[in-house]
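A short write-up of the structure that comes next.
Computed from a predicted structure; not experimentally measured.
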Amino acid sequence: MSYNENTRIGVLLRNDAARDLLTRRIPALLTAPPHMASLLKSLTLAMYYRFHQEELSSTDWLAETLAELAQLPVVPQSTQEEQPPVAPSAFYESESVPIGSAAVQSPEQAERWGVFQIELRGPSHGNPFTDVVVEAEFRAGDKTFRVAGFYDGDGIYLIRCMPDVLGNWAFRTSSNARSLDGIEGAFRCVEPSPGNHGPLRVHNTFHFAYEDGTSYIPVGTTSYAWTHQGDELEKQTLDSLKASPFNKMRMCVFPKSYLFNFNEPVYNPFEGSLTEGWDYSRFNPAFFRHLEERIAELGELGIEADLILFHPYDRWGYSEMAPSVDDRYLRYIVPRLSAYRNVWWSLANEYDLMWSKETDDWERFASIVTGNDPVGHLISNHNCFSFYDYSKPWITHCSIQRIDVYKTSEATNEWRDKWQKPIVIDECAYEGDIDQGWGNITGEEMTRRFWEGALRGGYVGHGETYLNPEEVLWWSKGGKLTGSSPDRIAFLRRIVEESPGGVLDPLPSDWDVPCAGVKDDYYLYYFGFNQPKFRNMNRKAGIHYRVEIIDTWNMTVETLPGTYEGSFRIELPGTQYMAVRLTRAVS
């Protein structure tokens, strides 16, 4: 292959000659700590030069590097190491094993939108993770679907489904292992328990609602590696969430290696070790049991688990697995977790930093996830520098990281118009005080971005990166929330829930202030960092409004006396972060 300024450093490092050249021209590659190595690989030559030109020895560094690369022999090179897929065994059990002879256990009933689980006790010889395929067909009236099962270790195979129809259900297993094949059973689906509204769906193009129609306003936060910190800290994180306004948690499946996050995880997803290598053909069930336990605990708190399936912040090799391993991992984790109603799928955090994945890979991943998820959970792909193509039919909502240092939620209207899907700004930067520009905005600015996004018809996510001696930053490890924005975000959530229909849609706005609501009935204006002493309003004559002044920072609502109609003036305090709410008066 020929190299150009858009070639990623990771691709170059796969070629011996190019590696020698590059380590000479980028000495930092030899000394980069493990947590930075994967990020360096994601950069193109042009990006590396743009970010590091001050420290490079030549102003013509990029041209000189490309000229030297052009002299190298052309060697075809894949971005990923190939590994042949492992086919299930056609003769895993001998004909002497009776069909359907495995011991089976399943409950007699399950609540609607709960987790129904079939447990089969079967064979464990060979490698059941790759040698055995087991699935079940579920039937309820005219409804029929198939669900893949998975091996949970110690001869135990599990098949899970989320029943969504009340009444009688039946199932029948099929497998290449004779003892697991042809097992039949039945159960009854009963009314859901209080608080169980089903999985989330897109509602009215730009919003969300549970399966039973209950409105849902995503008020998200991020704690990437909280499930890799040990029970004490993880329980503290759950306690913090319980006392917070957040009902969505962005979190990684794999452990993370990055700033303020250098500890080893308690569990590893594969058998083996970092020093001796991983056996990618054998999963570690304890890792996945721990993950699903935490997802279930989030569900009990009414919190959605926005599960990040891949990410680039890695020193264990999980971001550079062979395609066949990637696919096997997805075919294992999706059937394992899809029966949990509070799961969202995020293919990646910052997909475009994963140098070894191309667009075809992400599209293949999407096909595997959606093809193994009979529930149809929400799914998206999160960006760093470049937005994914959110027009893809499999994408339910836009998971966005701002790509401009300052312009964040102000672009929500534009994104809504472009993609015609819910806009979830999962990263608008973080409230904190670390040295990174993405991690040191104030609580006031975080709150402002939430309000801007809400009035423009989107949903903004929170994160917190305050330094502390223990280096337990919420954004990476969880723990305690110490910032000033969560209380203000809770106040905003209340304001949105009080709006007609419990959502906000943008209305035609003045040039300097966003407005949302319902034409003629309800108007909500937000002035952000501006500080007017008054505002002239022009509304339709004959319609009377009750007027409220909302201090979004001090979390107060002042109702002005009387009602207003037509053209009128509202006196304001001349301070920042004010909002005005007009509600049609009932005559």
Side-chain angles (χ1 to χ4, degrees), residues 8-16 18-20 22-23 29-42 75 77-89 124-132 150-154 224-225 227-230 252-258 261-291 308-334 336 348-349 353-358 361 364-365 368:
R8 292 183 187 256
I9 288 173
V11 174
L12 292 168
L13 294 177
R14 284 265 167 93
N15 179 292
D16 291 340
R19 173 189 286 273
D20 292 342
L22 210 57
T23 53
L29 288 174
L30 297 174
T31 58
H35 74 277
M36 290 302 298
S38 61
L39 296 184
L40 283 173
K41 291 178 183 179
S42 72
V75 179
Q77 188 69 52
S78 170
T79 57
Q80 294 178 293
E81 294 289 352
E82 294 298 333
Q83 188 177 110
V86 180
S89 173
S124 60
H125 61 275
N127 182 358
F129 291 107
T130 57
D131 292 343
V132 177
F150 57 91
Y151 185 59
D152 195 42
D154 299 323
Y224 288 117
T227 62
H228 301 286
Q229 307 306 320
C252 297
V253 174
F254 293 125
K256 182 176 181 180
S257 178
Y258 191 53
N261 203 156
F262 302 123
N263 57 304
E264 288 297 315
V266 178
Y267 302 98
N268 295 304
F270 300 96
E271 291 190 11
S273 68
L274 180 59
T275 55
E276 298 180 4
W278 306 111
D279 183 348
Y280 288 119
S281 70
R282 293 179 180 271
F283 297 102
N284 176 13
F287 174 95
F288 294 93
R289 290 186 209 121
H290 177 75
L291 175 63
I308 298 166
L309 297 170
F310 294 97
H311 70 82
Y313 302 95
D314 171 47
R315 65 172 179 272
W316 299 273
Y318 308 137
S319 62
E320 300 177 13
M321 299 186 299
S324 60
V325 177
D326 288 337
D327 296 356
R328 186 185 308 127
Y329 153 65
L330 292 176
R331 289 192 173 98
Y332 184 79
I333 193 170
V334 174
R336 183 153 197 149
N349 184 68
L353 292 190
M354 300 196 67
W355 70 272
S356 66
K357 316 290 189 219
E358 304 291 345
D361 295 306
R364 187 179 78 255
F365 296 162
I368 293 172

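- The structure places CG of Asn349 at 4.5 Å from CD1 of Ile308, a figure rounded to the nearest 0.5 Å.
- Proximity of a side-chain donor or acceptor of Glu276 to a complementary backbone N or O of Gly272 within less than 3.5 Å is not detected.
- In this model, no donor atom of one side chain and acceptor atom of the other lie less than 3.5 Å apart for Asp131 and Ser89.
- Atom CG in Asp20 sits 10.0 Å away from atom CG in Leu22 (nearest 0.5 Å).
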Before giving the answer on ring-ring contact (aromatic ring centres under 6.0 Å, His included), spell out for Phe287 and Tyr267 the whole-Å C-alpha distance, their side-chain angles and the decisive distance to 0.1 Å. CA-CA 5 Å; Phe287 174 95; Tyr267 302 98; 7.4 Å; no

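- For the 3.5 Å distance criterion, the side chains of Asn127 and Ser281 qualify, holding a donor opposite an acceptor.
- No donor-acceptor distance shorter than 3.5 angstrom exists from the side chain of His290 to the backbone of Pro285, with no hydrogens or angles considered.
- Atoms CG and CD1, from Asp326 and Ile368 in turn, are 8.5 Å apart once rounded to the nearest 0.5 Å.
- Checked by atom type and distance alone, the side chain of Thr130 never pairs as donor or acceptor with a backbone atom of Ala87 at under 3.5 Å.
- Evaluated for a ring pair (Phe, Tyr, Trp, His ring centres under 6.0 Å) with Tyr329, the options Phe310, Tyr318, Tyr280 yield exactly one hit, Phe310.
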message: Test ring-ring contact (aromatic ring centres under 6.0 Å, His included) on Phe270 and Phe129; report intermediate values, then the result.
response: CA-CA 11 Å; Phe270 300 96; Phe129 291 107; 9.5 Å; no

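- For the pairing with Pro269, the side chain to side chain contact (heavy atoms under 4.5 Å, CB included) check across Trp278, Phe283, Phe288 returns one residue only, Phe288.
- At distances below 3.5 Å, at least one donor-acceptor pair connects side-chain atoms of Arg315 with backbone N or O atoms of Phe262.
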- [ ] Decide yes or no on salt bridge (charged side-chain N to carboxylate O under 4.0 Å, His left out) for Asp16 and Arg19, but give the supporting numbers first.
- [x] CA-CA 5 Å; Asp16 291 340; Arg19 173 189 286 273; 5.1 Å; no

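- The CD1 atom of Ile9 lies 11.0 Å from the CG atom of Leu39; values are rounded to the nearest 0.5 Å.
- Between the side chain of Asn284 and the backbone N or O of Asn268 there is at least one donor-acceptor pair closer than 3.5 Å.
- Within 6.0 Å of atom CZ in Arg289, more than 12 heavy atoms from other residues, nucleotides or ligands are found, so the atom counts as buried in its surroundings.
- Ion pairing between a basic and an acidic side chain is recognised when a charged N comes within 4.0 Å of a carboxylate O; Glu358 and Arg364 show no such pairing.
- Summarising the geometry, atom CE belonging to Met321 is positioned 6.0 Å from atom NZ belonging to Lys357; distances are rounded to the nearest 0.5 Å.
- Side chains of Tyr332 and Arg336: a donor on one and an acceptor on the other come within 3.5 Å.
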